[in-house]
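Remember, it's a predicted structure, so these values are computed and weren't measured experimentally.
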Amino acid sequence: MPKLEVIHENNDYIVVNKTAGLISEKSPYETVTVETQVFNHLLKQKRKPYIGIIHRLDRVTSGVLILAKKKSILVDFNNLFSSRKVQKTYLAIVKNKPAKNKGNLVDFLVKNTKEKRAEIVRIKSKDSLSCMLSYQVMGKNDFGYLLEIKPKTGRFHQIRAQLANIGLPIIGDAKYGSDQEYFPLSICLHAWKLTYEVSGSKESHTFEAQVPKNVFWAFKCI
């Protein structure tokens, strides 16, 4: 069982570094999830802990995840996310060299529910949603290129689909065209930082999750 890595904890919420391979929410089909890990952790402090799922990460993705310890905090964070006062910063490793060192991707995305994947389409339709992100190259090693990515929208599999659409599938992401092996139930996509604005002030808080400890992530800049 992977160990729970706590980044920060206070009376209102807990911030953890999610392990790739786990789903975020508890499920009758999964013995271990991030939610069950956090629940067991909080049981040491409280008899009946409350856990509110604020946001999620794909099973194959690692990184920053915040869970509320009070219903009121869950509502507050939901409002922050809906009003786009939360900025996520991801890191991804791709095998191919990007045509440009930095850029913005603006596309239309359709969710293929049957195949559980997102598809980028050229023309807007009633089934498509706009998706936007910015990226820049941060480094290079023997496996590929490290990209810093800031999504402007929060669509299903957005980063994976948009990068694959320009010939940059994330290493290990066979669903989106990667031919390079990585670790089981994992791809080289990491939710690195999460910044949120404190309600009623100009102050912001940032939480950062250490990258996975393996040779793929050996870059001097992180």
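Remark: K175 NZ is packed, more than 12 non-hydrogen atoms of other residues, nucleotides or ligands lying under 6.0 Å away. Other residues, nucleotides and ligands contribute more than 12 heavy atoms inside 6.0 Å of the NZ atom of K152. Atom CG of N10 has more than 12 neighbouring heavy atoms from other residues, nucleotides or ligands inside a 6.0 Å radius.
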| request: Applying side-chain contact (heavy atoms from CB on, under 4.5 Å), run through I23 and L57 and close with a yes or a no. | output: CA-CA 7 Å; I23 62 173; L57 292 174; over 6 Å; no
| request: Show the numbers, then the answer: is there a side-chain contact (heavy atoms from CB on, under 4.5 Å) between I222 and W217? | output: CA-CA 8 Å; I222 51 175; W217 292 93; 4.1 Å; yes
| Between F77 and H55, does a ring-ring contact (aromatic ring centres under 6.0 Å, His included) hold up when you go through it step by step? | CA-CA 9 Å; F77 269 106; H55 62 119; 8.3 Å; no
| field | Step-by-step ring-ring contact (aromatic ring centres under 6.0 Å, His included) determination, H190 to Y90 | value | CA-CA 6 Å; H190 180 71; Y90 288 79; 8.6 Å; no
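Residues M138 and C221 are in side-chain contact: their nearest non-hydrogen atoms beyond the backbone lie under 4.5 Å apart. Side-chain contact between Q136 and N101 is absent, with no heavy-atom pair separated by less than 4.5 Å. In this structure the side chain of I14 never reaches within 4.5 angstrom of the side chain of I66, judged on heavy atoms. With contacts defined as side-chain heavy-atom distances shorter than 4.5 Å, the pair H41/V6 qualifies.
Using a cutoff of 4.0 Å between basic side-chain nitrogens and carboxylate oxygens, D58 and R160 are scored as salt-bridged. Looking at E9 and K69, a side-chain N of the basic residue comes within less than 4.0 Å of a carboxylate O on the acidic one, giving a salt bridge. Classification of R56 and E35 as a salt-bridged pair fails, no side-chain N sitting under 4.0 Å from a carboxylate O. Between R122 and D107 no salt bridge is recorded (no basic side-chain N to carboxylate O distance below 4.0 Å).
A donor-acceptor pair under 3.5 Å links the side-chain atoms of S186 to the main chain of P184, judged by distance alone. A donor-acceptor pair is defined here as one N or O able to donate and one able to accept, closer than 3.5 Å; no such pair exists between the side chain of Q87 and the backbone of K150. In this structure, the side chain of K18 engages the main chain of L22 through a donor-acceptor pair within 3.5 Å. Checking side-chain atoms of N17 against main-chain N and O of S62 turns up no donor-acceptor pair under 3.5 Å. Formation of a donor-acceptor pair under 3.5 Å by the N40 side chain with backbone atoms of T36 is found in this model. Not a single donor-acceptor pair under 3.5 Å links the side chain of S128 to the backbone N or O of K124. At distances below 3.5 Å, not a single donor-acceptor pair connects side-chain atoms of T89 with backbone N or O atoms of W192. Counting only distance, with no hydrogens or angles, the side chain of T153 and the backbone of R155 share no donor-acceptor pair below 3.5 Å. Formation of a donor-acceptor pair under 3.5 Å by the S204 side chain with backbone atoms of E197 is not found in this model.
Taking the six-membered ring for Trp and thresholds of 30 and 60 degrees, Y13 and H8 have ring planes inclined between 30 and 60 degrees apart.
A donor atom on one side chain and an acceptor atom on the other are not found under 3.5 Å apart for T33 and E25. A donor-acceptor contact closer than 3.5 angstrom is absent between the side chains of Q37 and E5. When only modelled atom types and interatomic distance are considered, Y182 and N214 share a side-chain donor-acceptor pair under 3.5 Å.
Residues I53 and L42 fall within the same hydrophobic cluster, defined by Ile, Leu, Val, Met, Phe, Trp and Tyr side chains chained together at heavy-atom separations under 4.5 Å.
Put simply, OG1 on T61 and CG on L189 are 4.0 Å apart, with the number rounded to the nearest 0.5 Å. Here the CG atom belonging to N165 is positioned 5.5 Å from the CD1 atom belonging to I120, to the nearest 0.5 angstrom. F81 CZ to N78 CG: the interatomic distance, rounded to the nearest 0.5 Å, is 8.5 Å. How far CD1 of I166 is from OH of Y135: 5.0 Å, rounded to the nearest 0.5 Å.
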